[in-house]
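Remarks on the structure that follows.
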Amino acid sequence: LAERRAARAAQALVDKDRLIRHQKLAVELLLMPRKESSALIARARQEVERWRRERLCSPDYSDRWAQLLSLPVRDLARAMAADDLDWGTALRQNSPWPVAAA
């Protein structure tokens with residue numbers, strides 16, 4: 001029982017770290033020039049397309065990320081920074097953002 005609690009606590013820390021990384025990235029997307037944010041989002045879209053092409057993950061993840069990445073930057077940032085995002089924990093675990101997925 002203690003081991004399970006410790007494992008859940010460790011996973012909660014990992015999940016919180018991923019949330020914080022995505023929140024930081026969301027702020028950066030809002031603050032950077034449009035050209036830079038557009039390029040970064042385009043790279044994330046390419047990653048999602050690679051997932052689809054190579055069948056690297058469930059379409060549930062690629063479809064949800066594709067929907068998020070099609071949003072205006074402000075809405076994308078808001079969704080990425082939200083702790084209550086539908087599928088949020090799972091999406092942050094399977095993230096197209098290299099700096100945020102670790």
Side-chain angles (χ1 to χ4, degrees):
L1 183 62
E3 288 178 13
R4 273 190 261 151
R5 283 186 188 153
R8 280 195 301 267
Q11 186 60 49
L13 288 175
V14 169
D15 293 341
K16 185 58 101 176
D17 180 62
R18 287 181 180 138
L19 173 62
I20 291 168
R21 288 173 187 247
H22 281 81
Q23 288 171 334
K24 287 179 180 178
L25 179 58
V27 171
E28 290 173 13
L29 284 170
L30 290 172
L31 296 177
M32 66 179 53
R34 183 181 300 262
K35 186 175 181 179
E36 290 179 35
S37 64
S38 294
L40 195 58
I41 292 167
R43 284 195 297 272
R45 285 184 186 130
Q46 289 171 348
E47 180 65 11
V48 170
E49 286 307 312
R50 185 178 75 83
W51 293 350
R52 286 180 172 157
R53 217 177 28 254
E54 298 178 17
R55 298 177 186 184
L56 296 175
C57 65
S58 164
D60 292 327
Y61 297 108
S62 54
D63 291 349
R64 281 178 170 78
W65 269 116
Q67 289 173 344
L68 288 172
L69 293 168
S70 69
L71 296 172
V73 175
R74 182 178 298 268
D75 295 336
L76 170 61
R78 185 178 298 119
M80 285 175 46
D83 194 15
D84 61 349
L85 175 66
D86 184 38
W87 276 61
T89 301
L91 289 177
R92 286 186 292 271
Q93 181 180 344
N94 296 286
S95 177
W97 309 101
V99 297

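With a 4.5 Å cut-off on side-chain heavy atoms, R52 and P59 do not count as touching. Proximity of R45 to V48: side-chain heavy atoms (C-beta onward) are nowhere separated by under 4.5 Å.
For R74, the CZ atom is loosely surrounded, since the number of other residues' heavy atoms within 6.0 Å does not exceed 12. Around CD of E3, the count of heavy atoms belonging to other residues, nucleotides or ligands within 6.0 Å does not exceed 12. Within a 6.0 Å sphere centred on CZ of R55, other residues, nucleotides and ligands contribute 12 heavy atoms or fewer.
Taken to the nearest 0.5 Å, the CD1 atom of I41 stands 9.5 Å off from the CG atom of L71. Taking CG of L56 as the start and OH of Y61 as the end, the distance is 13.5 Å to the nearest 0.5 Å. The distance from atom CD of E47 to atom CG of L69, rounded to the nearest 0.5 Å, is 10.5 Å. Taking CD from E36 and CG from L29, the interatomic distance works out to 10.5 Å, rounded to the nearest 0.5 Å. Considering CZ of R92 and CG of D17, their distance stands at 11.0 Å, rounded to 0.5 Å. Distance OG/S62 to CZ/R50: 12.0 Å, rounded to 0.5 Å.
Using modelled atom types and a 3.5 Å distance limit, the side chains of D63 and Q67 yield no donor-acceptor pair.
Put simply, the side chain of R18 never gets that close to the backbone of T89: no donor and acceptor are under 3.5 Å apart.
In terms of heavy-atom proximity, Q23 sits nearest to A81 at NE2-O, 3.0 Å. P96 approaches W51 most closely through the heavy-atom pair N-CH2, 3.6 Å. Between L30 and A77 the shortest heavy-atom distance is CG-CB, 3.7 Å. When all heavy atoms of W65 and L91 are compared, the closest pair comes out as NE1-O, 3.1 Å. Taking every heavy atom of both residues into account, M80 and L19 meet most closely at O-CD1, 4.3 Å. S37 approaches V73 most closely through the heavy-atom pair OG-CG2, 4.1 Å.
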Evaluation steps, side chain to side chain contact (heavy atoms under 4.5 Å, CB included), between V27 and K24: CA-CA 5 Å; V27 171; K24 287 179 180 178; 5.8 Å; no

Side chain to side chain contact (heavy atoms under 4.5 Å, CB included) evaluation trace for W87 with L68: CA-CA 12 Å; W87 276 61; L68 288 172; over 6 Å; no

Working for side chain to side chain contact (heavy atoms under 4.5 Å, CB included), residues D83 and K16: CA-CA 9 Å; D83 194 15; K16 185 58 101 176; 4.2 Å; yes

L40 vs R43, side chain to side chain contact (heavy atoms under 4.5 Å, CB included): CA-CA, chis, key distance, verdict: CA-CA 5 Å; L40 195 58; R43 284 195 297 272; 3.2 Å; yes

